[in-house]
Protein chains: 2
Amino acid sequence: MNGCFVELAIDIVGGKWKGIILYHLLDGPKRFNQLRRLIPTVTQRMLTLQLRELEEDGVISRIQYPEIPPHVEYQYTEFGKTLQPIIQHMQEWGKLYTEEYFADNQS
Amino acid sequence: MNGCFVELAIDIVGGKWKGIILYHLLDGPKRFNQLRRLIPTVTQRMLTLQLRELEEDGVISRIQYPEIPPHVEYQYTEFGKTLQPIIQHMQEWGKLYTEEYFADNQS
DNA sequence: CAGTATCCATACCGATACTG
DNA sequence: CAGTATCGGTATGGATACTG
């Protein structure tokens with residue numbers, strides 16, 4: 001539909017939190033509260049919801065260690081790893097953009 | 001904030017329509033109704049709104065030719081062109097993803 | 001041709017409180 | 001530690017009618 005495939009990637013990566021979550025998973029698995037600390041502005045509720053959606057899309061997997069207290073880790077699936085270059089690409093563009101924005105005062 | 005720059009790109013490219021619009025502008029300037037035909041599911045209202053936002057973000061420029069009937073064209077700004085590789089990247093990923101999805105029945 | 005204006009539904013998201 | 005549940009506000013998006 002609409003003659004392009006761009007929307008597929010955007011559906012997965014888009015929204016307010018998914019890109020940020022995926023960015024923080026780039027350097028390895030993370031626990032739930034670890035992600036909360038890395039993304040201070042996300043609420044518990046939204047983090048849960050977004051992680052579930054990423055799981056349903058097959059991008060990340062949830063690994064639950066049967067311990068008390070609970071221990072859960074989130075990490076990329078093999079399929080999800082195919083998205084990593086895009087995340088990194090956007091990260092690098094964002095860095096360049098902010099630098100240019102504040103340096104050249106481009107608006 | 002949140003320790004990453006990914007969100008900047010997502011703010012610009014994300015949402016339901018912006019990525020698709022930017023994709024269709026890859027191969028040159030387009031007129032308003034031309035974009036409507038290329039994106040059959042977008043409403044006039046949403047196309048207008050999204051084009052305005054892309055304009056405000058400095059990604060595309062609106063060129064109005066003083067004719068009757070009106071003639072308007074949208075195209076990438078120099079700044080916007082720095083986003084093109086990301087759009088293309090997502091497009092290629094999307095193509096691969098759908099092929100794999102339907103071929104391997106990966107789910 | 002290229003838009004505005006209005007109305008309305010729902011999706012998204014945050015705050016807060018509670019739980020195995 | 002890693003969540004759920006509930007409530008409510010705001011943003012997003014669609015349908016339809018109208019316009020310079």
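Numbered from 1 within each chain, the chains take letters A, B, ... in sequence-line order.
- Residue pairs that meet the salt bridge (Lys or Arg N to Asp or Glu O under 4.0 Å) test with at least one member in residues 21-32 of chain A, sequence neighbours left out, are Asp27(A)-Lys30(A).
- Contacts between residues 11-29 of chain B and DNA chain C, counted as heavy-atom distances below 4.0 Å, involve no residue at all.
- The side chain to side chain donor-acceptor pair (under 3.5 Å) search around Thr77(B) returns none, not counting sequence neighbours.
- Tyr74(B) comes within 4.0 angstrom of the backbone, heavy atoms only, and of no base.
- Checked against Phe5(A) for a side-chain contact (heavy atoms from CB on, under 4.5 Å), the options Thr98(B), Ile20(B), Leu96(B) give a single hit: Thr98(B).
- Under the side chain to side chain donor-acceptor pair (under 3.5 Å) criterion, Glu53(A) pairs with Lys18(A), not counting sequence neighbours.
- At the heavy-atom level, Arg36(B) lies nowhere under 4.0 Å from the strands shown.
- Applying the side chain to side chain contact (heavy atoms under 4.5 Å, CB included) criterion to Pro85(A), with sequence neighbours excluded, gives His89(B).
- Residues satisfying the side chain to side chain donor-acceptor pair (under 3.5 Å) test with Lys81(B), not counting sequence neighbours, are Glu78(B).
- In terms of position along DNA chain C, the nucleotide closest to Pro70(B) lies nearer the 5' end than the nucleotide closest to the other residue of the pair Glu53(A) and Pro70(B).
- Residue pairs meeting the ring-ring contact (aromatic ring centres under 6.0 Å, His included) criterion with at least one partner in residues 43-73 of chain B, sequence neighbours excluded, are Tyr65(B)-His71(B).
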*Could you provide the dot-bracket string of DNA chain D, using ( ) for intrastrand pairs, [ ] for crossing pairs and | for bases paired to another strand, with Watson-Crick or G-U pairs below 3.5 Å?*
||||||||||||||||||||
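- Looking at residues two or more places apart in sequence or on another chain, you find a side chain to side chain donor-acceptor pair (under 3.5 Å) between Arg62(A) and Gln64(A), Tyr74(A).
- Screening residues 35-44 of chain B for salt bridge (Lys or Arg N to Asp or Glu O under 4.0 Å), with sequence neighbours left out, gives no hits.
- Put simply, CZ on Arg52(B) is 11 Å from P on dA5(C), counting in whole angstrom units.
- Using a 4.0 Å heavy-atom cutoff across all strands shown, Thr43(B) reaches sugar-phosphate atoms only and no base atom.
- The span of DNA chain D lying next to chain B, judged by atoms under 4.0 Å from heavy atoms, is bounded 5' to 3' by dG13(D) to dG20(D).
- With a 4.5 Å cut-off between side-chain heavy atoms of Ile, Leu, Val, Met, Phe, Trp and Tyr, the cluster of Ile68(B) takes in none.
- The line from CG of Asp57(B) to CG of Leu83(B) is 9.5 Å long, rounded to the nearest 0.5 Å.
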